[in-house]
Amino acid sequence: MLDERSEVDTLREIYYLTDGDVGNWRKLLALGDCLDQQLKRKLLWVWPTSSNLDIFNQVLTTSGIQCILSVGCGSGLLEWLISTVGGRKVSIFGLEVDRNWWHSKYSVRSFIPLNFFEDANNVSQDFLKACCKGFSPCALLFCYFNNRGAFLEYLRVFQGKWLILIGPQPSLGIHTDPNPLQPQFPNEEWILRERLNWTDRNVVAFYQKIV
Ligand SMILES: C[S@@+](CC[C@H](N)C(=O)[O-])C[C@H]1O[C@@H](n2cnc3c(N)ncnc32)[C@H](O)[C@@H]1O
């Protein structure tokens, strides 16, 4: 553990490792293994392994997913890893609430382009498109999201075919909404196409719209 190391130094190293087009994701993952839980969570809720990321990117390729909007992406470090490990074949954009927080000196840096919910009067198809620089996202990603009302609202306006839900296995007793394996969709439109098991008993579920 890096107990004696200050958070500031660790963050500085993480910013260095994620700088530029390529960064050094292998070193970043190795460093992630040594972080204390609080800082780890501040940066992202699931720290995948390189093999988790490889398989995830294979599913993106076989599913033809090229543009993802990650709703509630936090720092976007997971999204940066997905894109970088996958050779930047996929465009990933982020959406968050509370611009003031994410631009404050107390928050960690954003690792992907961030959009803010407060820039929209309401959630709409056009807003989702604007978040992706004018492209319609073909997948929405929710990782450790926990806002059922907002989830249903994003789902209602989303026109793409894929949903990627990342979160804890239901048996862990950690609440997210949606939970990847018990998403409680409002209708029968979505079917589970792929389920990946990630480290620390996390699950990635790919759902496809069938109508
Ligand atoms: C538990 S955090 C997960 C952050 C990140 N996905 C991760 O895995 O590290 C959930 C995030 O959802 C965001 N959030 C909550 N409601 C939202 C909404 N209506 N639209 C976008 N983001 C929202 C919160 O600000 C928070 O950063």
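Below, all heavy atoms of this structure are taken into account, side chains as well, without hydrogens, waters or symmetry copies. As the structure lists them, so they are numbered: ligands from 1, and atoms in each ligand from 1. All values derive from a computational prediction rather than experimental measurement.
Not a single heavy atom of N146 sits closer than 4.0 Å to an atom of ligand 1.
Compare W102, Y144, F117, F142 by their heavy atoms: the one nearest to atom 10 (C) of ligand 1 is in Y144.
Within the 4.0 Å heavy-atom criterion, both parts of L44, backbone and side chain, lie near ligand 1. Residue S70 does not touch ligand 1, judged by heavy-atom distances below 4.0 Å.
Nearest to atom 23 (C) of ligand 1 among the protein's heavy atoms is F145 CE1, 3.5 Å. Atom 24 (C) of ligand 1 has its closest protein heavy atom at E96 OE1, 3.6 Å. Atom 21 (C) of ligand 1 has as its closest protein heavy atom Y154 OH, 3.6 Å. Closest to atom 9 (O) of ligand 1 among all protein heavy atoms lies W45 N, 3.0 Å.
Listed by number with element, the atoms of ligand 1 under 4.0 angstrom from any heavy atom of C73 are 5 (C), 6 (N). Interface atoms of ligand 1 facing N147, defined by a heavy-atom separation under 4.0 Å, are 16 (N), 19 (N). Each of the following atoms of ligand 1 lies closer than 4.0 Å to a heavy atom of A150: 19 (N). Per-residue contacts place C143 under 4.0 angstrom from the following atoms of ligand 1 (heavy atoms of the residue considered): 3 (C), 5 (C), 6 (N), 8 (O).
Distance CG/L81 to CH2/W47: 7.0 Å, rounded to 0.5 Å.
Some N or O of G72 is nearer than 3.5 Å to an N or O of ligand 1, by distance alone. Looking at ligand 1, you won't find any N or O of E79 less than 3.5 Å from one of its N or O atoms.
Hydrophobic clustering (ILVMFWY, side-chain heavy atoms < 4.5 Å, transitive): Y207 and F145 are in one cluster.
The six-membered or imidazole ring of H103 lies near that of F116, with a centre-to-centre distance under 6.0 Å.
Judged by the 6.0 Å and 45° rule, R99 forms no cation-pi pair with W101. The cationic group of R195 does not satisfy the cation-pi geometry with F206, failing either the under 6.0 Å distance to the six-membered ring centre or the 45° limit from the ring axis.
Ionic pairing of D9 and R12 is present here: one or more N-O contacts between side-chain nitrogen and carboxylate oxygen are shorter than 4.0 angstrom. Salt-bridge formation is not detected for the pair K27/E13: no Lys NZ or Arg NE/NH1/NH2 atom is positioned less than 4.0 Å from an Asp or Glu carboxylate oxygen.
Heavy atoms of other residues, nucleotides or ligands lying less than 6.0 angstrom from CZ of F135 number 12 at most.
A donor-acceptor pair shorter than 3.5 Å cannot be found between the side chains of N24 and Y16.
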